[in-house]
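Comments concern the structure below.
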Amino acid sequence: MDHRIRSSFAKQSMMQTLGAEVASVAPGEVVITAPILPGSRQQHDVAHAALSFAIGDTAAGYAALTVMPEDCEVMTAEMKINLLAPGAGELLRATGKVIKPGRRLVIVTAEVHAVTAKEEKLVALLQGTMVPVTA
C-alpha cells in the first residue's frame, strides 16, 4: 500500500512544484506536508489557500486510494474547504482520512495544520467525495 501511494504521488507534477512530500501512509489515512515557499504565499505573507486546498485534496484522495482494490484509482468528485486561520508557519501538514468507504463513493476529510518549531495550528478543514475509477 505504501509503495502504491508513494509511486502515484511521485507522478504528480503539481505536488513537485509545491515541494510537497508524503509523510506517512496507513489504511484510510495519508499525511502530506509542504513547505510554505515564497511562490506559495499570498499578499499577507502566509500560505495561499490554494496550497491548503491542493495538499488537503491530495491527502484525502490518497487516503481513499488506500482502501481501494489494486485495479482502481480515485478522482475527486467534490471537495469543500473551510479556511479557519491564516496559514502562518514553516510548512503545512494535511492529514487525509476516509470517513466512509464505498464501492461507488468514498467520503473523505482532511485537516490542514500550519506548523512551526513551537506550535501547530489548524488552518483548514476539507470534506469531499472521491469516486473510484478503473486504473
Side-chain angles (χ1 to χ4, degrees):
M1 170 184 25
D2 188 83
H3 175 73
R4 177 184 185 193
I5 301 304
R6 291 178 189 277
S7 176
S8 176
F9 183 86
K11 296 175 187 173
Q12 290 204 20
S13 59
M14 176 67 154
M15 292 295 108
Q16 293 172 15
T17 298
L18 297 173
E21 298 179 346
V22 174
S24 66
V25 176
E29 182 176 306
V30 171
V31 178
I32 294 175
T33 60
I36 303 173
L37 301 171
S40 300
R41 295 174 182 268
Q42 44 93 304
Q43 73 274 19
H44 300 292
D45 203 33
V46 297
H48 195 285
L51 179 60
S52 294
F53 189 88
I55 68 169
D57 174 59
T58 302
Y62 280 122
L65 190 60
T66 68
V67 300
M68 292 288 105
E70 288 291 323
D71 64 341
C72 282
E73 290 283 338
V74 297
M75 297 283 289
T76 303
E78 60 89 25
M79 187 65 70
K80 175 193 183 337
I81 187 169
N82 289 104
L83 300 167
L84 308 173
E90 294 146 17
L91 64 88
L92 295 183
R93 184 185 65 237
T95 303
K97 294 182 181 182
V98 172
I99 300 303
K100 185 177 187 299
R103 287 181 292 132
R104 295 197 175 139
L105 300 173
V106 182
I107 308 305
V108 294
T109 188
E111 290 186 357
V112 180
H113 287 83
V115 180
T116 67
K118 295 181 180 181
E119 70 176 348
E120 297 180 11
K121 185 172 190 174
L122 181 63
V123 297
L125 291 172
L126 292 83
Q127 181 175 313
T129 307
M130 299 291 163
V131 177
V133 296
T134 305

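The structure presented is a predicted model; accordingly, all values stated were derived computationally and were not measured. The residues of the chain are indexed from 1 along the displayed sequence.
In this structure, Leu37 and Arg41 approach most closely via the heavy-atom pair O-CG, 3.3 Å. In plain terms, the two heavy atoms of Gly89 and Ile36 that are nearest each other are O-CD1, 3.4 Å. Taking both residues in full, the closest heavy atoms of Ala114 and Ala88 are given as CB-O, 3.3 Å, listed atom of the first, atom of the second, then distance. Taking all atoms of both residues into account, the shortest heavy-atom contact from Ile32 to Ala20 is CG2-CB, 4.0 Å.
As a member of the Ile/Leu/Val/Met/Phe/Trp/Tyr network built from side-chain separations under 4.5 Å, Val46 groups with nothing else and remains a singleton.
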For residues 47-68, please give each side-chain donor-acceptor pair under 3.5 Å, one per line with the distance, not counting sequence neighbours.
| from | atom 1 | to | atom 2 | distance (Å) |
| --- | --- | --- | --- | --- |
| His48 | ND1 | Ala50 | N | 2.9 |
| Asp57 | OD1 | Thr76 | OG1 | 2.8 |
| Thr58 | OG1 | Ala54 | O | 2.7 |
| Tyr62 | OH | Ser8 | O | 3.4 |
| Tyr62 | OH | Ser8 | OG | 2.8 |
| Tyr62 | OH | Phe9 | N | 3.1 |
| Tyr62 | OH | Gln12 | NE2 | 3.0 |
| Thr66 | OG1 | Gly28 | N | 2.7 |
| Thr66 | OG1 | Ala63 | O | 2.5 |

Let me have the donor-acceptor pairs involving side chains of residues 120-135, under 3.5 Å, with sequence neighbours excluded, atom names and distances please.
| from | atom 1 | to | atom 2 | distance (Å) |
| --- | --- | --- | --- | --- |
| Glu120 | OE1 | Arg93 | NH1 | 3.4 |
| Glu120 | OE1 | Arg93 | NH2 | 2.6 |
| Glu120 | OE2 | Arg93 | NH1 | 3.2 |
| Thr129 | OG1 | Glu78 | OE2 | 2.8 |

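Evaluation of the salt bridge (Lys or Arg N to Asp or Glu O under 4.0 Å) test over residues 101-114, restricted to residues two or more places apart or in two chains, returns none. Counting only residues at least two apart or on different chains, no salt bridge (Lys or Arg N to Asp or Glu O under 4.0 Å) pair has a member in residues 8-24.
In this structure, Gln16 contributes its side chain and Ala10 its backbone to a donor-acceptor pair below 3.5 Å.
Using a 4.5 Å cut-off between side-chain heavy atoms of Ile, Leu, Val, Met, Phe, Trp and Tyr, with links allowed through other members, Leu105 and Val108 fall into different hydrophobic clusters.
With a 6.0 Å radius and a threshold of 12 heavy atoms from other residues, nucleotides or ligands, Met75 has its CE atom at or below the threshold.
Partners of Ser24 under the side-chain contact (heavy atoms from CB on, under 4.5 Å) rule, at least two apart in sequence or in another chain, are Val31.
Here Glu73 contributes atom CD and Arg4 contributes atom CZ; the two are 6.0 Å apart, rounded to the nearest 0.5 Å.
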